[in-house]
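One structure is given below, encoded as C-alpha cells.
Small disclaimer: the values here were computed from a predicted structure and weren't measured.
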Amino acid sequence: MPPTLASLVHHSALKLTVRAGEDRLDAPVRWAHASELADPVPYMEGGELLLITALKLDAEDREAMRRYVKRLVGAGVVGLGFAVGVHYEDIPDALVDAARAEGLPLLEVPRRTPFLAISKAVSAAIAADQYRAVTAGFAAQRELTRRTLTDGPEGLLAALAGQVDGWAALYDASGALVATAPEWAARRAARLTADVTRLRERPAPASSVVAGPDHDDRVELHSLGTGRRPRAALAVGTAAALGTAERYAVHSAVALLTLTTERSRSLHAAEQRLGAAVLRMLLAGEPDHARAVAGDLFGTLLDAPFRIVVAVGGEAGGDGPGALAETAESAAARSGEAVLVVPEGERLVVLAADGGAAVAAVRAHAAARETARKADDDLVIGLSAPAGPIAASAAYKQAEQALSVARRRGRVLVEHEHMAAGSVLPLLADDAVRAFADGLLRALREHDATGRGDLVASLRAWLSRHGQWDAAAADLGVHRHTLRYRMRRVEEILGRSLDDPDVRMELWLALKTTSLETG
C-alpha cells in the first residue's frame, strides 16, 4: 500500500510529532511538497503532505490561519508539516487550533530533519509500493497463465476472482453468459447481458465501467478479440476500484482470453472449411462420403433429422448474417450439440439438429429482428422441413424456396412447412402476377365500364359455381339465359374458350389476384 501519515510518523529517522488530526493519520500520501507561498492551493493536486516554515505566513493570526487551513483541506491536502526552530520556535497555537478545527493532521518537524529527508522517505515508499504492485502483477500473470493452460478459461476466471477479491464472468460472441467464478456470481453476471450487448456494438478493444445489478459492486467490462467485432467479453466485479496489482491481473486476463479466442477463431475457421466440404458432399448425394469426412466433429449431426437454414442480406452497414451465425453457434455450444455453419459472403447456410437449440435460436433471432425491423434491414431466412442425409439436397431446395417466399412477403423468416401447409393465395401478391391479371381482365373491365353488362362479376360467379348455370344465375339475380349470353360475350372478347380448363384456371387466378388487391 502507498505511504501514509502514520508510516511517516513511525519512521524512526524523521522524528515527526503529531500535533493535530491524530485520527486521520491513515490517509495515503501521494507526495511531499515544500511551499512557502501564502496560497499554495493552485499548485496542489490532492493527496500531498505540505511542508512549510511559515516564512510568508502570519502563523499567529487566528483568522488568517483558519482561512489558510480551510483552503488546504478544500484542495485535498492530507497533512501539514511545520518545521520548528526556523521562523518559529514552536508551532503557534493559532495554527494548531485551526488544524484541529478542520481535522487536518499537523506534524511537527524538528530542525534537524530536512524537508528533503521527508520527500525522499515518501518517494522511496511510493517506489516500494509500485515495485510490490508490479511484482504481484507478474506473479498474478504467471498464475493466470498456469491456470489457463491447465483448466482453460474456467480456471482463469477462478484465479482472477481470487486476485481481485471479487468475481469474474465470461460471455460468448452472442453476449450470452458462458462461465462465472465463484458460482454464486452467476445470477449477478446474467443481469449484465444488456451492458455486454452494448459493449459488443463498439469496435474492439473496448471497455466500460458499470454499477453492479444490486449497486453493491463496481463492474468492469472488457471486450475480447482483435477483429472489428468482439469475439467475447469479460466482466470483473469488485467492491472498490482496482489497485495497481489488481489492474495487472485484469489486463493479463484480457490478454490471455484474447489469445484463447483468437486461437479458437483459427480452429473455428478450419471447422467451417470442413463443414463446407461436408455440405457439398451432402448436396451432391454422397451421404456416406459426407459422414466419413464429418467424423466426430459433425458425425452426430448426421445421425438424426436435421434442418437446413439459408440466410441472405442483413442490416445495412452491419455484418450481414454474421450475427445469426454467432447466435446459432453459441446456442449449440451451450447445449452441447453439433452445428454446421457455412458462410458464403452475404449468404449463410446452417445445418442444425431438428428440435435443437440452434434451430430455436434461429427462430428467436428472426422474431427479434421482425419486431425491431428497420427500413434498411433486409435479412431474409428460409428454413427447411426435417430431413436426413439422403434428402439433404431436397431440404436445401426447400430452404431456398422458403427464402424466396420470405423475400416476396417482406418477412424475416419463412419455414417450408408453413409455406406448404398454407394457402397459395399469398403467392399471388407479386408484381408480375398482378400485371398478368390486369392484362387478362382489362378488356372485360373496359366492356363493363360502358354499362353494357357486368361480365367480370358474372365470370366470377360462374367460375365459383364450377360452371353450374342455375346456381350462378341465382347468385347474380339474373336469368340463366342472360348468364349464358354473358359468358359467350366473355369468350368473344377474350378470344378464348371457357371449355378449356387452363383458361378457366388462369381467369380464376386473375380474379383472385384482383380480390387480394381490393381486399
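Side chain of Glu337 to backbone of Ala357: a donor-acceptor contact under 3.5 angstrom is found. One N or O on the side chain of Tyr171 and one on the backbone of Ala189 form a donor-acceptor pair closer than 3.5 Å. Asp448 contributes a side-chain N or O that, together with a main-chain N or O of Val456, makes up a donor-acceptor pair within less than 3.5 Å. For Thr513 (side chain) and Leu509 (main-chain N/O), a donor-acceptor pair under 3.5 Å exists by modelled atom type. With hydrogens and angles ignored, the 3.5 Å screen pairs no side-chain donor or acceptor of Arg247 with any backbone N or O of Leu242. Under a 3.5 Å cut-off, the side chain of Ser223 and the backbone N or O of Ala206 do form a donor-acceptor pair. Under the 3.5 Å distance criterion, the side-chain polar atoms of Gln398 are left unmatched by any main-chain donor or acceptor of His416.
Counting heavy-atom neighbours within 6.0 Å of Ile493 CD1, excluding the residue itself, gives a total above 12. At most 12 non-hydrogen atoms from other residues, nucleotides or ligands lie less than 6.0 angstrom from NE2 of His289.
Between His251 and His222, the ring-plane angle classifies as perpendicular under the 30° and 60° cut-offs.
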(request) Go through the steps to decide whether Thr238 and Val219 satisfy the test side-chain contact (heavy atoms from CB on, under 4.5 Å), and finish with yes or no. (result) CA-CA 6 Å; Thr238 53; Val219 181; over 6 Å; no

(request) Give the C-alpha distance, both sets of side-chain angles, the deciding distance and a yes or no for salt bridge (charged side-chain N to carboxylate O under 4.0 Å, His left out) between Asp438 and Arg445. (result) CA-CA 9 Å; Asp438 291 340; Arg445 289 173 176 164; 3.6 Å; yes

(request) Could you give me the CA-CA distance, side-chain angles and deciding distance for Val236 and Val164, then say whether side-chain contact (heavy atoms from CB on, under 4.5 Å) is met? (result) CA-CA 8 Å; Val236 180; Val164 301; 4.0 Å; yes

(request) Show your reasoning for whether salt bridge (charged side-chain N to carboxylate O under 4.0 Å, His left out) applies to Glu154 and Arg147. (result) CA-CA 9 Å; Glu154 291 79 6; Arg147 292 294 299 274; over 6 Å; no

(request) Would you please test Ser464 and Trp508 for side-chain contact (heavy atoms from CB on, under 4.5 Å) and show each step? (result) CA-CA 8 Å; Ser464 68; Trp508 180 247; 4.0 Å; yes

(request) In sequence, state the C-alpha distance, the side-chain angles, and the governing distance for Met281 and Arg291, and then conclude on side-chain contact (heavy atoms from CB on, under 4.5 Å). (result) CA-CA 9 Å; Met281 292 178 184; Arg291 193 183 301 278; over 6 Å; no

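Here the closest heavy-atom approach between residue Ala181 and residue Ala161 is recorded as O-CB, 3.5 Å. A pairwise comparison of heavy atoms in Ala332 and Ala358 identifies CB-CB, 4.3 Å as the closest pair.
By the 4.0 Å N-to-carboxylate-O rule, Arg496 lies close enough to Glu506 to be salt-bridged with it. By the 4.0 Å N-to-carboxylate-O rule, Arg488 lies too far from Glu491 to be salt-bridged with it. Salt bridge Asp217/Arg188: present, at least one basic N to carboxylate O contact under 4.0 Å. Comment: Arg504 does not engage Asp499 in a salt bridge, judged by the lack of any side-chain N to carboxylate O separation of less than 4.0 angstrom.
No side-chain heavy atom of Leu403 sits under 4.5 Å from any side-chain heavy atom of Val414. With contacts defined as side-chain heavy-atom distances shorter than 4.5 Å, the pair Leu170/Leu177 does not qualify.
Paired with Val309 under the rule side-chain contact (heavy atoms from CB on, under 4.5 Å), one option of Leu383, Leu413, Leu351 passes, and it is Leu383.
In this structure, CG on Leu234 lies 9.0 Å from CD on Glu220, to the nearest 0.5 angstrom.
Pairs of residues two or more places apart, or lying in two chains, that qualify as salt bridge (charged side-chain N to carboxylate O under 4.0 Å, His left out) and include a residue from residues 395-407 are Arg347-Glu400.
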